[in-house]
Amino acid sequence: MNPDFPHDAAHLAPYMMVVMPLIVGSTIIAAIILVRWLMSKSAWNFHPGGANGFLHDEFLRLGALFIPFMLIGVAIRWYVYIMHPELAHSPILLGALVVIIVMRRLSRYIPFVRDAGRRIDAARAACKAGSAV
């Protein structure tokens, strides 16, 4: 095996391995937020902030939680793929992923995220109760 010839994508384009997951993840999260917001159009009038407030709360509920974790992921990938490529196949990456998932699950207890979720749920419940009458 020739050590001068890298055999995986991380060695061929390390900056792409760092930046592309952030771009793809951000695009997916933005699409999810937009679809959830548009699917709840009938509940916008029942939200204290109207359509913009509903969108803001959807962003808080999903986007504000994933963005810090995506940035942590960028830092980990930068460290591994740019600074220490020998760690690319280390189980430490799986451990970092598990920590991020656990932190994501626990983040629902952050007060501003919990409050945003309550406002969204209340608006949807009010819309459902109003349409059932």
Side-chain angles (χ1 to χ4, degrees):
M1 182 182 290
N2 184 355
D4 295 330
F5 182 73
H7 292 283
D8 58 26
H11 289 84
L12 294 175
Y15 293 102
M16 291 298 278
M17 294 298 290
V18 171
V19 175
M20 284 307 292
L22 178 66
I23 292 170
V24 169
S26 299
T27 304
I28 290 170
I29 296 301
I32 290 170
I33 291 170
L34 184 63
V35 167
R36 285 177 56 99
W37 180 64
L38 290 172
M39 296 296 289
S40 299
K41 191 173 185 177
S42 59
W44 292 354
N45 293 331
F46 297 97
H47 191 277
N52 289 335
F54 201 97
L55 179 61
H56 181 260
D57 283 347
E58 282 287 1
F59 175 77
L60 285 178
R61 193 180 222 185
L62 294 173
L65 297 176
F66 282 106
I67 289 171
F69 298 124
M70 283 191 293
L71 294 177
I72 290 169
V74 166
I76 290 170
R77 284 188 299 275
W78 178 271
Y79 180 77
V80 170
Y81 294 128
I82 306 296
M83 297 178 69
H84 296 282
E86 69 275 6
L87 296 175
H89 300 289
S90 170
I92 202 166
L93 293 178
L94 183 59
L97 180 63
V98 169
V99 168
I100 288 173
I101 291 170
V102 169
M103 289 174 63
R104 163 64 178 100
R105 299 304 299 168
L106 294 176
S107 64
R108 72 175 67 182
Y109 299 108
I110 298 172
F112 70 88
V113 175
R114 184 178 55 232
D115 294 343
R118 286 181 182 161
R119 287 190 297 269
I120 290 172
D121 294 341
R124 287 182 178 147
C127 176
K128 192 174 218 176
S131 65
V133 173

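Scope of the values below: all heavy atoms of this structure, side chains included, with no hydrogens, waters or symmetry mates. Worth saying up front: this structure is predicted, and the values here are computed from it rather than measured.
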Enquirer: Going by the rule side chain to side chain contact (heavy atoms under 4.5 Å, CB included), which residues pair with V74 if we only count those two or more places apart in sequence or in a different chain?
Expert: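 For V74, the residues satisfying side chain to side chain contact (heavy atoms under 4.5 Å, CB included) (neighbours in sequence not counted) are V18, L22, R77.
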Enquirer: Check the hydrophobic clustering (I, L, V, M, F, W, Y; side-chain heavy atoms under 4.5 Å; chains of links allowed) and say if F59 and M39 are grouped together.
Expert: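 No, because F59 and M39 fall into different hydrophobic clusters, even though each may have its own neighbours under 4.5 Å.
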Enquirer: Testing the basics here: between F54 and I120, what is the closest heavy-atom pair and its distance to 0.1 Å?
Expert: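 Closest approach of F54 to I120, heavy atoms only: CZ-CG2, 3.8 Å.
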Enquirer: Would you compute the distance between atom CG of N52 and atom NE2 of H47 and round it to the nearest 0.5 angstrom?
Expert: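 Separation between the atoms: 10.5 Å.
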Enquirer: What's the separation between atom CD1 in I28 and atom CD1 in I23, rounded to the nearest 0.5 Å?
Expert: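 Result: 12.0 Å between the selected atoms.
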Enquirer: If we ignore hydrogens and angles and just use 3.5 Å, is the side chain of W44 paired with the main-chain N or O of W37 as donor and acceptor?
Expert: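 Here the side-chain-to-backbone pair exists.
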Enquirer: I'd like to check L55 versus I33 (side-chain heavy atoms, cut-off strictly below 4.5 Å). Are they in contact?
Expert: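 Touching, per the 4.5 Å side-chain cut-off.
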Enquirer: Would you say V35 and I29 are hydrophobically clustered, going by side-chain heavy atoms of ILVMFWY under 4.5 Å?
Expert: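 Not linked; separate clusters.
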Enquirer: Quick one: OH on Y79 to NE2 on H84, what's the gap to the nearest 0.5 Å?
Expert: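 That separation rounds to 3.5 Å.
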Enquirer: Using the side-chain hydrogen bond (donor to acceptor under 3.5 Å, both in side chains) rule, collect all pairs that involve residues 61-73, keeping only residues at least two apart or in two chains.
Expert: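 Matches after skipping sequence neighbours: R61-D121.
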Enquirer: Decide side chain to side chain contact (heavy atoms under 4.5 Å, CB included) for H56 and L60; before the verdict, give the C-alpha distance in whole Å, the side-chain angles of both, and the deciding distance to 0.1 Å.
Expert: CA-CA 6 Å; H56 181 260; L60 285 178; 3.4 Å; yes
Enquirer: Counting only pairs under 3.5 Å, give me each side-chain donor-acceptor contact of residues 66-73, with atom names and distances, residues two or more places apart or in other chains.
Expert:
none

Enquirer: Quick one: CD on E58 to OG on S40, what's the gap to the nearest 0.5 Å?
Expert: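 Rounded to the nearest 0.5 Å, the CD-OG separation comes to 6.0 Å.
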Enquirer: Could you report the tightest heavy-atom contact between A126 and F46, atom names first, then the distance?
Expert: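 Minimum heavy-atom contact is CB-CD2, 3.7 Å.
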